[in-house]
Structure formats: C-alpha cells, structure tokens
Chemist: 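My questions all concern the structure below.
Computed from heavy atoms alone, side chains included, the values below leave out hydrogens, waters and symmetry copies. One-based numbering, in listed order, for ligands and for the atoms of each.
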Amino acid sequence: MLSTMMRTPLTLSHLLERAGRLFPTSEIVTRMPDRSLHRYTYADFYRRSRALAEALQKAGMQPGDRVATLSWNTSAHLEAYFGIPVAGGVLHTLNLRLHPTDIAYIINHAEDRFLIVDDVLLKLYEAIKDHINVEKVIVVPLTGQPVPAGLTSYEDFLATATGDFRYPELAEDTALGMCYTSGTTGKPKGVVYSHRSMILHSLGSALPDALNLAQGDVLTPVVPMFHVMAWGLPFTGIMVGCKIAMPGPHLDAVNLLDLYESEQVTKTAGVPTIWMGVLQALQKEPTRWKILPMEMVVGGAAAPEAMIRAYDTFNLKVVHAWGMTEMSPLGTVSRTKHNLVGSDPDMLYALRACQGIPMPLVEVRAMNEHGAAPWDGQTMGELEVRGPWVAQSYFKLESERDKWSADGWFRTGDVVTISSEGYVKITDRTKDLIKSGGEWISSLDLENLLMGHPAVREAAVIAVTHPRWDERPLAAIVLKEGATATVEELRAYLEPKVAKFWIPDAFVFVDEIPRTSTGKFLKMQLRDTFKDWHWES
Ligand code: ADP
C-alpha cells in the first residue's frame, strides 16, 4: 500500500529560504586576512547567496556545471556553498594545501567551468592557470586590493544580479557538490554529494547525540571548507540558524582562542593537530582567555585519550567523531550511552577516545575472512558502511569498483573492532597494520599510548620489514620542547599497558612527523624513510 504522504524533494533551497525567513538577525563573522572581524547577518547572507545564484545563471551556468572554489572559511565561501547548488550548479571545493599539479589535475578531472578564488590565494591560481581550462575566474577581494586585469571581482559579479532569482526545480538526487579525497592512500578520488544526501546528513549531524547543534549555538568550523565540506557544518549551521564565526586564513592557536573568546563560541570542530596546538597555548597561559564551556568535535585522525582528558580540565569537552570524504563525512560519534553513565571513569575515557557509535541511518559491520566479526570489542575486521549519505561510486573512476562489496557496502579501509554496545574502535588503516609473526599489532593504539607519556608530543608507529617476524613496529617520536625521555623509559612505560610483542623494537627520535595536507601522519613517507632499517639481532 502506498503512503498518503507528500514527496517534496530534499533540496538546499529549503534551508536557504528557512535561514532568510526565520533567522535574518543571526550573525556571520569572518576573521579577515588582516585579522579584523567582518560581520553581517543571515539577511545579508541570504541576499548575497541568491545574488550569486542569479549571477551564475546570467553568466551561462547550466545545470550540472561545476563551479570550483579555492577559498578559506569565510562568509563569501558560505555564499558559494548555497548560491552555486540552489542555481543547479555543483560546488567543487578545492584543497588549497595540495600541490599545484594535483589541484590542476583535480580541476581538469572534474571539468570545472567557473572558479571562485580568494585574492590571498591568487599566487596559487597563477601556479595552475596555464594547466587548466576554466572559462571564468571570479576573485573574492578579501584584502580590498584591486582585482588583477582580466579577472572578475566577486563584488562586480554579484552586482550583475537584479534580485529576481527564482529557484530552478531540482530533483533531490541532483548533484550538489563534490570533493576529492585528500589522497592519503593514492590518487585523489572524486565523490559527488546530492541535495538529498546533504540534507539528510545535516539533519543527522545536528542531533544532540551527534554534533549537537541548535539555533542558540555559536559555531566555529576550523576544519577547512575545502576539506569534506567542513564536515557538512556550513549546511548544518545554516539549517539550525545559529551564529557562525569563521576563522578565515588564521588557524593558529592564539587567533582561534581570541575568536572563541570574542564571539562566545559554543561549538567548534577540527583535526587533532589543531587541537594539540590550542591545548599547548592554553596550558602555557591558562588564564588568558575567557572561553565558554565549549564542545570541540575532533575527527579526521584519532584523538589521543590524553588530549581528551587534558581538555576536560579546562571545561572544554572533546567529542570524537569518525568519518570519510565518501561519507559526507559523518559516520560515528562517541558520546556516552545513557546506560553507561556512572561506569568506571577510565573505561568512559577509553570509550570517548574510540570513534563512537554509528549515526542514525548509518549501518556498520566489520568484515574479516570469516565474514562479519562479532560485536565483542576484540575481533578485528575491515569496517564497511552503508547509508543514504555514503557514496556508491567515485566520479569517473571505474577502476575503484572493488571499494564496494558485492552486496553494496562501502569498504572504508579502516580496521576496527565493534563492542557489544556498538562502539567502533579503529585499530588501523588496512595499509598501516603491522603483522608480526602472524599476529596483528595496532599502530594507532601504540601511538595513542605513547602520546600519553608526559615527554612525548607526537608518536607515529609503522611496520618495518623484519627477517624473522615479517614486520616489527618502529616508533618515530617527537619530544615536547625541553622534555627528555630515553628509549628504555618509553619501553618501560608501554610494558604494563600492552602485550609484550606489541612493544616497538625501535624508537627513533625525530624533529617532526611528516603530515598530509589535512594534518594526518604521512606513514607512506615514514615507511620509505625507514625501509632499510637495520634491526640489531
Ligand atoms: P583520505 O583517505 O584522503 O585521508 P579522508 O580525509 O576522507 O580521506 O579521511 C578518512 C580517513 O581518516 C578514515 O578512513 C580514517 O582512516 C581516518 N579518520 C577519520 N576520522 C578518524 C578518527 N576519528 N579516528 C581515526 N581515524 C580517523
């Protein structure tokens, strides 16, 4: 029997209209390149997003045309997030931290027709312009400097709109935006989100047990808008109607803490590297900033338990989440289930440090050679996921079909255990697991334990080929400024915490761990550095 319910399409114009109608006075603040704060309201944002939509249509943008952005987290970028898709275009955010060759490859692969670029990033545009074929380049004048000849100023472009924009009727499966994975594990692969997938993702991520966003919040997405749509926060934030404070190009600890203080931020989100820096600044000057109790979502790489504990002492709550470009990105969030409240505090910290329970509509399973692993918190398997905001293919890339199982689940490449309570814990990426004498060792567990040592700032553990055991772990260690620790001390520190065969055979002190453009350890490079490591017998 069919239902009697309406089928209104889940499209972004609903969110934009709602924001303009219901929250015209909500503020959007942007830290500009000169550190000043630019302020306007949702009413301005609504008008300008629609002006961008109209201007793009007038400039000849056709449904499905890709419009790329090369931009920091700013109000203008937010306008692009809405203005492009509501006009039927596809928002393609470019990761400005990639090598220019990769950026050019991605632009060409996506066949971008328009490009919106921040004036402070024009140098980067200069480096790629001869290798791409973009019809129109629009420059956002963040600094107030004149726009170079031949390029269009964003303000002039908006001025071509007359205010009579009408939303085209879009089917909910229409492409809304696209992102390329950051390439930690190979060539960038494009994922295309739909209006429907992003609306459902926004509804899911606003939930109290997910990112917990409401109209009274003040939200600072530190995660760049050029990385997995800033975890969907621009859409979720505008959907709920909250004030948004954007960091612009200033992602250092002091600027962020200043922003949290001056704008009274209550929710923020970023990768562990950023939160490590902020924590150090707070520990150095604990009374300098007056910050409200704030929730800090962390994801993109594992958050060490020691960091979660340290933030608690400042009344700042780290909420660990896991996701992927292919998942829009949210998959799991770690909050304490009500039946576990009051359990052993150490156990609860361990739970907060794992990746969390699946969001509504996201299904998870851990697959190994015996099939789906039991939810026992011990049996490892590759995490596979399914859900309405999970990709079912890559853009123009048939060769990657084996990333999906025969029954349609997405293979994440993350190795996990799932507990009886449903908490997913990542032990490694399939490529990073260490196999010693036929037994698996989790590099992530070792890293998190080592980063709990008072002298250790960062630790990355990799597999190095071993004549007897196949592979053995090697730990690359960065010490905190002025701190000392010997190999024997680190070994003794691990001994009571892990099985004997897990303890790395080598500890190497280094100045820094190589990182990807999104702040993850670049283990490929580390493995290469230590590939000829000579084990002492
Ligand atoms: P890339 O493959 O280019 O790094 P993504 O940026 O989409 O692409 O990263 C997704 C991956 O990041 C996940 O598969 C996982 O390995 C890692 N990741 C994301 N969040 C977490 C987390 N909270 N803990 C551990 N790893 C994480």
Chemist: Relative to atom 27 (C) of ligand 1, which among Pro188, Ala301, Ser334 owns the nearest non-hydrogen atom?
Modeler: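 The residue whose heavy atom sits nearest atom 27 (C) of ligand 1 is Ala301.
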Chemist: What part of Met324, side chain, backbone, both or neither, has a heavy atom within less than 4.0 angstrom of ligand 1?
Modeler: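 It is both backbone and side chain that touch ligand 1.
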Chemist: Just let me know how Ala321 lines up against ligand 1, side chain, backbone, both or neither, with a heavy-atom cut-off below 4.0 Å.
Modeler: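 The backbone, only.
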Chemist: For atom 7 (O) of ligand 1, which candidate among Asn95, Val228, Thr325 provides the closest heavy atom?
Modeler: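 Nearest heavy atom to atom 7 (O) of ligand 1 lies in Thr325.
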Chemist: Grab the two heavy atoms, one from Val364 and one from Leu383, that are nearest each other, plus how far apart they are.
Modeler: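 Scanning both residues completely, I find the closest heavy atoms to be CB-CD1, 3.8 Å.
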Chemist: Look at the aromatic rings of His77 and Tyr81 and report parallel, tilted or perpendicular, splitting at 30° and 60°.
Modeler: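 Judged by the thresholds at 30° and 60°, the geometry between His77 and Tyr81 is perpendicular.
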Chemist: Between Ile426 and ligand 1, does any nitrogen or oxygen pair lie at a separation below 3.5 Å?
Modeler: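 By distance alone, the answer is no.
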Chemist: For atom 6 (O) of ligand 1, which candidate among Lys189, Gln355, Lys425, Lys520 holds the nearest heavy atom?
Modeler: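 Heavy atom nearest to atom 6 (O) of ligand 1 belongs to Lys520.
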Chemist: Taking the six-membered ring for Trp, are Tyr180 and His109 parallel (under 30°), tilted (30 to 60°) or perpendicular (over 60°)?
Modeler: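 Answer is perpendicular, since the angle exceeds 60°.
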Chemist: Report, in ascending order of atom number, the atoms of ligand 1 lying under 4.0 Å from any heavy atom of His320.
Modeler: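 Going through ligand 1 atom by atom, the ones under 4.0 Å from His320 are 22 (C), 23 (N), 24 (N).
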Chemist: Give a yes or no on this: more than 12 heavy atoms of other residues, nucleotides or ligands lie within 6.0 Å of atom CH2 of Trp404.
Modeler: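 Yes.
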Chemist: Hey, what's the ring geometry for Trp72 with Phe226, parallel, tilted or perpendicular (30° and 60° as the breaks)?
Modeler: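 Ring orientation, 0 to 90° scale: perpendicular.
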Chemist: Under the salt bridge (Lys or Arg N to Asp or Glu O under 4.0 Å) rule, collect the residues that match up with Lys531, sequence neighbours excluded.
Modeler: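 For Lys531 the salt bridge (Lys or Arg N to Asp or Glu O under 4.0 Å) partners, ignoring immediate neighbours, are Asp528.
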Chemist: Could you list the atoms of ligand 1 found under 4.0 angstrom from a heavy atom of Trp322?
Modeler: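 Taking each heavy atom of Trp322 in turn, ligand 1 has 13 (C), 15 (C), 18 (N), 19 (C), 20 (N), 21 (C), 23 (N), 27 (C) under 4.0 Å.
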Chemist: Strictly under 4.0 Å, does any heavy atom of Asp414 approach an atom of ligand 1?
Modeler: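 Yes, Asp414 has a heavy atom closer than 4.0 Å to ligand 1.
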Chemist: Does His227 reach ligand 1, in the sense of a heavy atom lying below 4.0 Å from it?
Modeler: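 The answer is yes, since His227 has a heavy atom less than 4.0 Å from ligand 1.
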Chemist: Taking a cutoff of less than 4.0 Å between a non-hydrogen atom of the residue and any ligand atom, is Ala303 in contact with ligand 1?
Modeler: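 No.
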Chemist: Tell me which pairs pass salt bridge (charged side-chain N to carboxylate O under 4.0 Å, His left out) where either residue lies in residues 265-283, with sequence neighbours left out.
Modeler: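 Matches after skipping sequence neighbours: Asp217-Lys267.
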Chemist: Minimum heavy-atom separation for Glu421 and Leu340, please, with both atom names.
Modeler: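 Taking Glu421 first and Leu340 second, the nearest heavy atoms are OE2-CD2, 3.7 Å.
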Chemist: Tell me whether ligand 1 is touched by Gly300 - counting only heavy atoms on the residue side and a distance under 4.0 Å.
Modeler: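 In this structure, Gly300 qualifies as a contact of ligand 1 - some heavy atom is under 4.0 Å.
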Chemist: Return a yes/no value for Glu326: is any of its N or O atoms, backbone included, closer than 3.5 angstrom to an N or O of ligand 1?
Modeler: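 Looking only at distances, the answer is no, because the N/O contact criterion of under 3.5 Å is not met.
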Chemist: Looking at every non-hydrogen atom in both residues, tell me the closest pair between Met225 and Thr93 and how far apart they are.
Modeler: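 So the minimum-distance heavy-atom pair works out to O-CG2, 3.4 Å.
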